[in-house]
> 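Let me give you the structure first, and then I'll get to my questions.
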Amino acid sequence: MVIIEDILRRALLAAVERFGVFEEDVEIELEKPREAGHGDLSSNLALMLGGRLKRKPRELAGEIAAALELPRDIIESVEIAGPGFINFRISRSHQIERLLSLADPHGALEAIRTGGGKRINVEFISANPTGPLNVVSARAGAFGMTLTRLLDAIGFDAHAEYYVNDAGRQIKLLGRSLRAHYLQLLGEKVEFPENGYKGRYLEIMAAELLAQDSKAIRDAGAAFDDESFQRIELPCGDAKDWKDLPEEESVGCFAKYALMKILGWQRETCRRFGLRFETWYFESELHETRRIERALEKLRKQGAVYEAEDAVWFRSTDFGDEKDRVLVRADGMPTYFLADIAYHYHKFQRGFEHAIDFWGPDHHGYIPRMQGAMQALGVPEGWLEIQILQQVTFIEDGRVLDMSKRKGQFVTMDALMDEVGADVAKFLFLMRKPNSHLDFDLDLARQQSDVNPVLKVKYAHARACSLLRIAAERGIEVGDPTPGSLAHLEDESAWAVVRELVRLPQVIVSAAASREPHRLAGYALEIATLFNQFYNQVKRILDQEPERRLALLHLTVMTRFVLRKVGELIGVDMPEAMEKRD
RNA sequence: GCGCCCGUAGCUCAGUUGGAUAGAGCAGCGGACUUCUAAUCCGCAGGCCGCAGGUUCGAAUCCUGCCGGGCGCGCCA
């Protein structure tokens with residue numbers, strides 16, 4: 001498979017040598033012009049050299065173009081345009097070759113697998129297990145999962161991971177909150193814990209607990225007997241036994257139960273949203289394996305730690321942070337920060353060559369101290385990459401929804417999926433670039449109508465399927481596309497589809513490299529639009545004379561192929577048929 | 001006050017990493033279904049790309065300063 005950009009780059013370099021310009025002097029850029037009339041690829045070389053050589057760019061472009069030696073079977077034409085662009089048009093036969101290469105197991109999609117199987121850890125969502133997954137996590141889920149698949153597509157071995165904060169204060173608070181709800185149901189006078197979790201889900205959980213005996217609880221826990229959830233453990237007996245234990249112990253029992261239930265919800269929600277985590281990493285494991293102490297010890301050995309005011313501090317100012325940070329509180333408890341250091345260090349020790357974390361915008365101030373800790377531990381610079389996903393604001397009835405879990409007023413991911421469906425939600429999140437704030441209007445998303453662009457993509461795929469199905473019903477032999485069959489492709493609208501389809505490998509590479517999975521959503525929409533335009537323009541494809549018809553059907557086969565590929569990457573189902581809307 | 005992100009059509013957002021005449025969907029107006037799925041397509045209208053400077057052949061994109069919005073600045077997680 002020849003890479004056309006390489007051919008052009010070499011030819012351009014050879015052509016400018018006569019002006020005393022060599023490889024090390026200039027970077028040759030080739031890009032696809034916005035306007036189809038400007039050709040398939042464009043170089044701004046003459047514009048860049050014009051000033052340096054004190055020449056008029058347009059004249060220079062002409063001289064460069066005249067000196068180019070290019071294979072005519074691949075490059076059909078070279079034109080000078082505008083202020084001095086050199087535009088290249090790729091021959092149809094080569095475009096067809098590029099198109100067919102997409103479906104070839106050794107073709108263009110194989111050529112981009114340059115990652116060499118390097119293991120990359122991608123961590124996202126990692127919500128506290130104190131309530132159902134908030135809809136804010138849906139954006140992280142859509143992005144993280146798509147990036148994981150993109151990295152696999154370019155030859156890495158990407159590994160999706162979820163960190164479970166099942167230790168520490170908030171779990172105790174969760175236990176206390178559930179216990180309070182439970183005792184209230186029994187008519188006992190109890191004070192609800194300050195800052196406790198007030199969501200209705202805990203009231204419901206308490207009511208459920210009232211009816212559950214120890215066997216039912218054990219059975220519920222048995223659902224977690226798979227690899228990633230070995231750490232779920234349940235208290236003995238049932239709630240009637242727990243409530244009379246000494247308070248500390250009692251709270252622990254309720255906490256364990258709540259944790260089991262909530263992780264069950266979260267796991268189910270993720271599954272429903274199409275998220276597959278290879279690892280659910282439990283914070284409690286860090287405590288048990290003494291990794292937290294060991295990390296602290298290692299930091300101490302590096303001289304990055306000191307004691308003051310009864311607490312243990314990390315010298316994060318040495319690493320560019322604005323102040324030093326506490327690792328162990330005056331009461332002897334490790335901070336969340338220290339646990340997080342131990343967690344990431346263990347991630348490094350587990351053999352990942354690179355790690356990507358998706359964090360919310362409220363954690364951005366946390367980056368310098370985390371990177372500082374990694375540096376102090378001797379982790380190579382750049383090993384940990386932190387991507388900030390900007391905030392989502394949900395709007396309902398024109399009002400902004402407060403998503404605080406403590407107050408219990410939030411929209412769950414499940415509610416979102418109930419109302420708009422997982423695919424619609426995923427696509428809407430994936431359409432936006434990661435570092436822009438996003439207003440999500442629930443009322444708009446609910447309308448199963450034209451505001452849902454994902455339907456347009458699905459519809460285009462279903463249309464392609466339907467066309468091929470009817471062709472088969474009429475006994476038209478379609479088979480696999482070949483250079484010979486596609487050589488009869490004449491319609492301009494069909495070629496517009498081809499030019500977009502062949503971009504697939506490049507779109508995958510750039511989306512993965514820039515960590516901007518949203519480009520895939522835009523690409524899918526572009527293909528759907530072009531395919532629909534083509535479909536409307538050609539009309540009655542099956543009634544065309546056989547050679548033209550076969551070419552059009554083979555283009556349809558390739559369109560279906562690309563839409564499916566993109567659908568797999570963004571986790572959106574591409575249906576064979578859509579229900580007719582009246 | 002300091003740090004990060006954002007400011008593009010009435011609304012929600014793209015803009016291929018500095019390119020040629022700034023795009024799409026929705027909303028508005030006008031067209032196209034005896035036809036392989038009209039959840040589609042075609043056309044019209046809509047813009048000081050927050051403002052002001054700078055960098056250069058060339059800026060929505062990079063730099064500086066303002067203005068406006070969001071988030072963060074705990075021995076919380």
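All of these numbers come straight from a predicted model, not from anything done at the bench. Chain letters run A, B, ... following the sequence lines, proteins first and then strands; every chain starts at 1.
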> Distance criterion of 3.5 Å, no angle test: do you see the side chain of A:S42 paired donor-to-acceptor with the base of B:A20?
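Answer yes: a donor N or O sits under 3.5 Å from an acceptor.
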> Would you be so kind as to tabulate the donor-acceptor pairs closer than 3.5 Å made by side chains of residues 420-428 of chain A, with sequence neighbours excluded?
residue : atom : partner : partner atom : Å
A:D423  : OD2  : A:K458  : NZ           : 2.7
A:D423  : OD2  : A:D573  : N            : 3.2
A:K426  : NZ   : A:F273  : O            : 3.1
A:K426  : NZ   : A:G571  : O            : 2.7

> Compare the aromatic ring of A:H364 with the six-membered base ring of B:G72 and state whether they stack according to the 5.5 Å and 30° rule.
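Base of B:G72: not stacked against A:H364.
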> Expressed as a whole number of Å, how far does the P atom of B:U34 sit from that of B:A22?
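It works out to 38 Å between them.
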> What is the distance, rounded to the nearest whole Å, between atom CD1 of A:I367 and atom C1' of B:C71?
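Result: 12 Å.
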> Going by the rule salt bridge (charged side-chain N to carboxylate O under 4.0 Å, His left out), which residues pair with A:R503 if we only count those two or more places apart in sequence or in a different chain?
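Scan of A:R503 (salt bridge (charged side-chain N to carboxylate O under 4.0 Å, His left out), adjacent residues dropped) gives A:E500.
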> Would you indicate which nucleotide in B:C41, B:C57, B:A77 comes nearest to any side-chain atom of A:N536?
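The closest nucleotide is B:C41.
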> Can you list the residues that meet the salt bridge (charged side-chain N to carboxylate O under 4.0 Å, His left out) rule with A:K433, with sequence neighbours excluded?
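For A:K433, no residue satisfies salt bridge (charged side-chain N to carboxylate O under 4.0 Å, His left out) once neighbours in sequence are set aside.
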> Establish, yes or no, whether a centroid distance under 6.0 Å links the rings of A:Y343 and A:Y163.
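When the ring centroids of A:Y343 and A:Y163 are compared, they turn out to be within the sub-6.0 Å range.
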> Are A:S284 and A:R231 side-chain neighbours, meaning at least one heavy-atom pair lies under 4.5 Å?
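Touching, per the 4.5 Å side-chain cut-off.
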> Using a cut-off of 4.0 Å between protein heavy atoms and nucleotide atoms, how would you tag nucleotides 10-18 of chain B 5' to 3' with B, S and -?
--SSSSBB-
> Of all the nucleotides listed (B:A39, B:A20, B:C5), which has the minimum atom distance to the side chain of A:H38?
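Between B:A39, B:A20, B:C5, the one nearest the side chain of A:H38 would be B:A20.
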> Side chain of A:Q533, heavy atoms from C-beta onward: which of B:C5, B:C41, B:C36 has the nearest atom to it?
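Minimum distance to the A:Q533 side chain belongs to B:C41.
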> Who are the salt bridge (charged side-chain N to carboxylate O under 4.0 Å, His left out) partners of A:R9, not counting sequence neighbours?
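Residues passing salt bridge (charged side-chain N to carboxylate O under 4.0 Å, His left out) with A:R9: A:D6.
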> Let me spell it out: for each of A:P361 and A:V538, pick the nucleotide of RNA chain B with the closest heavy atom. Which residue's pick is nearer the 5' end?
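Counting from the 5' end, the first nearest nucleotide belongs to A:V538.
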> Report yes if a side-chain nitrogen or oxygen of A:K456 is closer than 4.0 Å to either non-bridging phosphate oxygen (OP1 or OP2) of B:C41; otherwise report no.
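Yes, because at least one side-chain N or O of A:K456 sits under 4.0 Å from OP1 or OP2 of B:C41.
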> List for me each residue that meets ring pair (Phe, Tyr, Trp, His ring centres under 6.0 Å) alongside A:Y336, sequence neighbours excluded, and say none if there are none.
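Ring pair (Phe, Tyr, Trp, His ring centres under 6.0 Å) list for A:Y336, sorted by chain: empty.
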> Taking the same atom, P, in B:U61 and in B:C51, what whole-Å distance lies between them?
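Between the two P atoms, the distance is 11 Å.
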> So which pairs with a foot in residues 528-537 of chain A pass salt bridge (charged side-chain N to carboxylate O under 4.0 Å, His left out), sequence neighbours left out?
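Listed by first then second residue: nothing to list.
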> Sticking with atom P, work out how far B:U16 lies from B:A60, rounded to a whole angstrom.
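My reading of the P atoms in B:U16 and B:A60 gives 12 Å.
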> Could you tell me how far B:A24 sits from B:G47 if I compare only their C1' atoms? Round to whole Å.
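Per the computed distance, 15 Å lies between those C1' atoms.
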> Measure from the side chain of A:L47, starting at C-beta and using heavy atoms only, and say which of B:A39, B:G19, B:A77 lies closest.
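The closest nucleotide is B:G19.
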> Distance check, C1' atoms only: B:C36 and B:C41, in whole angstrom units.
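Between the two C1' atoms, the distance is 16 Å.
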> As a test of reading the structure: which of B:C71, B:A39, B:U35 is closest to the side chain of A:R540, going by heavy atoms?
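Nearest listed nucleotide: B:U35.
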> Would you please name every residue forming a salt bridge (charged side-chain N to carboxylate O under 4.0 Å, His left out) with A:E31, sequence neighbours left out?
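Not a single residue meets the salt bridge (charged side-chain N to carboxylate O under 4.0 Å, His left out) criterion with A:E31.
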> Taking CD from A:Q390 and C1' from B:G72, how many angstroms apart are they, rounded to a whole number?
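For the pair A:Q390 CD and B:G72 C1', the rounded distance is 11 Å.
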> Give a yes/no verdict on base stacking between B:A20 and A:F85: centres under 5.5 Å, planes within less than 30° of parallel.
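According to the criterion (under 5.5 Å, under 30°), yes, A:F85 stacks.
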> Could you tell me whether A:R329 and A:D310 make a salt bridge, using a distance below 4.0 angstrom between a side-chain N and a carboxylate O?
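No, this pair does not count.
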> Rounded to whole Å, please give me the gap between NZ in A:K172 and P in B:A77.
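Atom NZ in A:K172 sits about 11 Å away from atom P in B:A77.
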> Provide the full list of ring-ring contact (aromatic ring centres under 6.0 Å, His included) pairs with a residue in residues 504-527 of chain A, sequence neighbours left out, each pair given once.
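Of all non-adjacent pairs touching residues 504-527 of chain A, none passes ring-ring contact (aromatic ring centres under 6.0 Å, His included).
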> Both A:Y535 and A:R169 contact RNA chain B. Taking the nearest nucleotide for each, which residue is further toward the 5' end?
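Going by which nucleotide is closer to the 5' end, it is A:Y535.
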> When you compare B:C33 with B:C42, how far apart are their P atoms, in angstrom units rounded to a whole number?
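Result for the P pair: 16 Å, nearest Å.
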> Round to the nearest Å and state the distance from A:E79 atom CD to B:A20 atom P.
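One finds 17 Å between P of B:A20 and CD of A:E79, rounded.
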> Could you tell me if the ring centre of A:F314 sits under 6.0 Å from that of A:F319?
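Under 6.0 Å, so yes.
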> For atom C1', what is the distance between B:U35 and B:G28, given to the nearest Å?
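That atom pair is separated by 31 Å.
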> Expressed as a whole number of angstroms, how long is the span from A:I470:CD1 to B:C36:C1'?
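Result: 4 Å.
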> State which of B:A20, B:C41, B:C57 makes the closest approach to the side chain of A:N87.
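For the A:N87 side chain, the nearest candidate turns out to be B:A20.
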> Name every residue in residues 317-327 of chain A that has at least one heavy atom under 4.0 Å from any atom of RNA chain B, in order of residue number, or write none if there are no such residues.
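Output list: A:E322, A:K323, A:V326.
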> We want to know whether A:Y162 and A:Q266 form a side-chain donor-acceptor pair, criterion being a heavy-atom distance below 3.5 angstrom.
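Side-chain D/A pair, A:Y162 to A:Q266: present.
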> Among the nucleotides B:C36, B:C57, B:C75, which one has an atom lying closest to any side-chain atom of A:A311?
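Between B:C36, B:C57, B:C75, the one nearest the side chain of A:A311 would be B:C75.
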> Distance between the C1' atoms of B:A45 and B:A9, in whole angstroms?
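Comparing C1' positions in B:A45 and B:A9 gives a spacing of 11 Å.
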> So what is the 5' to 3' dot-bracket string for RNA chain B, if pairs are Watson-Crick or G-U wobble with both distances under 3.5 Å, crossing pairs use [ ] and | means the partner sits on another strand?
(((((((..((((.....[...)))).(((((.......))))).....(((((..]....))))))))))))....
> Quick one: which of B:C36, B:C5, B:A20 gets closest to the side chain of A:I541?
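The answer is B:C36, which lies nearest to the side chain.
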> List for me each residue that meets side-chain hydrogen bond (donor to acceptor under 3.5 Å, both in side chains) alongside A:R560, sequence neighbours excluded, and say none if there are none.
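A:R560 satisfies side-chain hydrogen bond (donor to acceptor under 3.5 Å, both in side chains) with no other residue.
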